[in-house]
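Proteins come first, then strands; the chains are lettered A, B, ... in the order of their sequence lines, and each starts at number 1.
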There are 2 protein chains.
Amino acid sequence: MPKPSIVLVDPNVAETEKPINEALAQHRTLLVVGNCWVHYVGRAKSKLEAGERILIIKQDGSLLVHRSTGYEPVNWQPPGCVFNGKVKDGLLEITAIRKKPHESVRIFFDRIQMLSALNLVDAGEFSLYASEEDMQKAILLRPSFVEEGFKPASYEKKVEPGFVDVYGMDKEGNLVVVEIKRKTASKEAVLQLAKYIDAIKSRADRRVRGILAAPSIARDVQRLLETLGLEYKQVDPKKCADTLHKAETKKLLEFSEES
Amino acid sequence: MPKPSIVLVDPNVAETEKPINEALAQHRTLLVVGNCWVHYVGRAKSKLEAGERILIIKQDGSLLVHRSTGYEPVNWQPPGCVFNGKVKDGLLEITAIRKKPHESVRIFFDRIQMLSALNLVDAGEFSLYASEEDMQKAILLRPSFVEEGFKPASYEKKVEPGFVDVYGMDKEGNLVVVEIKRKTASKEAVLQLAKYIDAIKSRADRRVRGILAAPSIARDVQRLLETLGLEYKQVDPKKCADTLHKAETKKLLEFSEES
DNA sequence: AATTAAATTTCGCCT
DNA sequence: AGGCGAAGTTTAATT
């Protein structure tokens, strides 16, 4: 039976110790806004001077300290920390300790504008569309996105430097390696594809074609691509997402008709 | 003259429209906790079903939606967004729009546990120690970290593929190229060093040694390194940071004695 | 403005 | 558990 949320506005620092440690013990989400400074020692080492920030401690043991600007937290810890809060001499000190790698974040508050201990109930599903994985699935489903007559044979095939996105054969019987990028193809993508081609060519008995499938490509990158004897095929991630979506809807329909 | 912070606990959704738009207009930091769902369209596309989350909108136009677990936000926008909040049919809809690339995040709240509009005052400085740059400075200051008798000649020297971290001479008069890594040396670091060495060897009149200075190196990477005729020297970033710190303290002392 | 490299990257997947 | 590659990566530096 979860206790309801607690919100304290402008509390004395001293009176926050108990609710904070209760919230931490119950693995609730903790939200603290106030004037603080932060010491971090671990993979690196940092010091943040005093200022007003937002501290978030989540139930999985992750920690975020956010300043008034910027997408990224100024200090943080990934999930799995152990926390402790204590008040001494009018200061609230919150310590987060992680092992492997061993590191710690210590936050000192001398004034707290708001403290909140929350019970966040969240079972909602998150779906991301048009990821590189979606594009891969869509190409396997509709190989003509790459080329008419293309026949995929395998995907995520192990080829020495790493993994090939899609691997198959064109209508002339040549081997085809497809490298997929969700956005504008970079030089790195071209070089990666070239590496795969080289590795496969060395032990193939026929011609090996490399196709870079991406929504766009820069002029100079395309030149590099052509110099290396590779090809480019424009593929729209949105269209891939739509194709996938329709396929999945159809599958669901068939399933419900069967049952 | 900044207005003080506002905190509303369990407000009706309808009554949040005005304070939210005021806070957005005044570029205050907005904190909303409540039950919401999120649609994102832009570089990719995502959908997040209903659940209780924390929304942060910062004064620089960045946006974060945090779930009850995880270091990373489930949805976000980097700084520079334009926001709008409106209430309709008992729902609060907050829209964030970014141009270049054009994308949008729409958040719908049907229940709000807490709303807070903050004026965060934060002029504190953030310092990170033991960066790669710090290690470079420390090696220039104390070349014996690389090797007894090593004499640095230059740093960030242009050598065709890019820049060499530290460049100098050993006590036998051989050229020495030092590549610095703040953490475990990767295969990429070894190959990069090899490229520099090749470039320099081609126009040098004496032996050229390549030393990879890093806190650690994987067994197989070390094998590759040795195959390429390069060397590894263990260097501790923390020790570098300490050396630097002491040097800077000393410098400050000398300065205050002079004046 | 575009490109490249680094990050206390984190995260996921596979060996 | 360690290693490798991808990310709606972001961010800073450099061309």
Side-chain angles (χ1 to χ4, degrees), chain A residues 38-48 62-65 69-80 96 98 100-105 126-136 156 158 160-165 179-184 186-189 191-192 195 218-221 237-238 241, chain B residues 38-48 62-65 69-80 98 100-105 126-133 156 158 161-163 165 180-184 186-189 192 216 218-221 237-238 241:
Chain A
V38 186
H39 290 247
Y40 158 69
V41 180
R43 288 163 291 174
K45 182 178 165 186
S46 73
K47 191 174 72 177
L48 175 62
S62 50
L63 174 151
L64 304 162
V65 179
T69 60
Y71 155 82
E72 290 184 323
V74 59
N75 281 109
W76 73 91
Q77 280 300 130
R98 175 157 89 133
K100 230 186 126 0
H102 185 76
E103 43 187 6
S104 70
V105 174
F126 176 73
S127 346
L128 181 68
Y129 308 103
S131 61
E132 196 166 302
E133 192 186 338
D134 283 351
M135 287 180 72
Q136 182 183 322
E156 295 291 323
K158 177 95 182 165
E160 234 351 281
F163 288 87
V164 157
D165 288 338
E179 172 73 24
I180 301 169
K181 285 295 152 192
R182 200 181 44 73
K183 45 182 193 176
T184 305
S186 65
K187 205 199 316 183
E188 284 68 35
L191 295 175
Q192 194 175 342
K195 274 201 307 187
R219 186 61 66 83
D220 59 334
V221 176
K238 284 279 172 45
Chain B
V38 186
H39 291 248
Y40 157 70
V41 181
R43 289 163 292 174
K45 182 178 164 184
S46 74
K47 192 173 71 178
L48 175 62
S62 50
L63 175 150
L64 304 162
V65 180
T69 60
Y71 156 82
E72 291 184 323
V74 60
N75 280 109
W76 73 92
Q77 280 298 130
R98 176 157 88 134
K100 221 183 137 8
H102 185 76
E103 44 187 5
S104 70
V105 175
F126 176 73
S127 347
L128 182 69
Y129 308 102
S131 62
E132 197 167 301
E133 192 186 338
E156 296 292 322
K158 178 94 181 167
F163 287 86
D165 287 339
I180 302 169
K181 287 293 151 194
R182 203 181 44 73
K183 44 182 195 177
T184 304
S186 66
K187 205 194 326 179
E188 285 68 34
Q192 195 175 343
S216 59
R219 183 69 63 83
D220 58 335
V221 176
K238 284 280 176 43

Checklist entry - Roughly how far apart, to the nearest Å, are D:dC4 and D:dG8 at atom P? => result 22 Å
Next on the checklist: Say we look at D:dG5 and D:dT9: how far apart would their C1' atoms be, to the nearest angstrom?
Outcome noted: 13 Å
Checklist entry - When the distance from OH of A:Tyr71 to P of D:dT11 is rounded to whole Å, what number comes out? => result 8 Å
Checklist entry - Does the aromatic ring of A:Trp76 sit over the six-membered base ring of C:dT8, closer than 5.5 Å centre to centre and tilted less than 30°? => result yes
Next on the checklist: By nearest atom, which of the nucleotides D:dT10, C:dT10, D:dT9 is closest to the B:Pro78 side chain?
Outcome noted: D:dT10
Next on the checklist: Do B:Trp76 and B:Val65 have side chains that approach each other closer than 4.5 Å (heavy atoms only, starting at C-beta)?
Outcome noted: no
Checklist entry - For atom C1', what is the distance between D:dT10 and D:dA6, given to the nearest Å? => result 14 Å
Item to check | A:Glu103: salt bridge (charged side-chain N to carboxylate O under 4.0 Å, His left out) partners, not counting sequence neighbours | outcome: A:Arg43, A:Arg98
Next on the checklist: Does D:dT10 have OP1 or OP2 under 4.0 Å away from a side-chain N or O of B:Arg43?
Outcome noted: yes
Item to check | Nearest-nucleotide pick for A:Tyr40, side chain only, options being C:dT8, D:dG8, C:dC11 | outcome: C:dT8
Checklist entry - Hey, where does DNA chain C pair up into stems, meaning at least three consecutive Watson-Crick or G-U pairs with distances under 3.5 Å? => result C:1-7 with D:9-15, C:9-15 with D:1-7
Checklist entry - When we call it a touch if two heavy atoms are under 4.0 Å apart, what does A:Phe126 touch: a base, just sugar-phosphate, or nothing? => result nothing
Next on the checklist: What's the closest nucleotide to the side chain of B:Asn75 if the choices are C:dT10, C:dT3, D:dG8?
Outcome noted: D:dG8
Next on the checklist: If the condition is side chain to side chain contact (heavy atoms under 4.5 Å, CB included), which residues does B:Leu128 pass it with, not counting sequence neighbours?
Outcome noted: A:Ala44, A:Ser46, B:Phe126
Item to check | Atom-to-atom span, CG of B:Leu63 to C1' of D:dT9 - whole angstrom | outcome: 16 Å
Item to check | Under 4.0 angstrom between B:Lys187 side-chain N/O and D:dG3 OP1 or OP2 | outcome: no
Checklist entry - C:dT4 and C:dT8: how far apart are their P atoms, nearest whole angstrom? => result 22 Å
Item to check | Closest nucleotide among C:dT4, C:dT10, C:dT8 to the A:Glu188 side chain | outcome: C:dT4
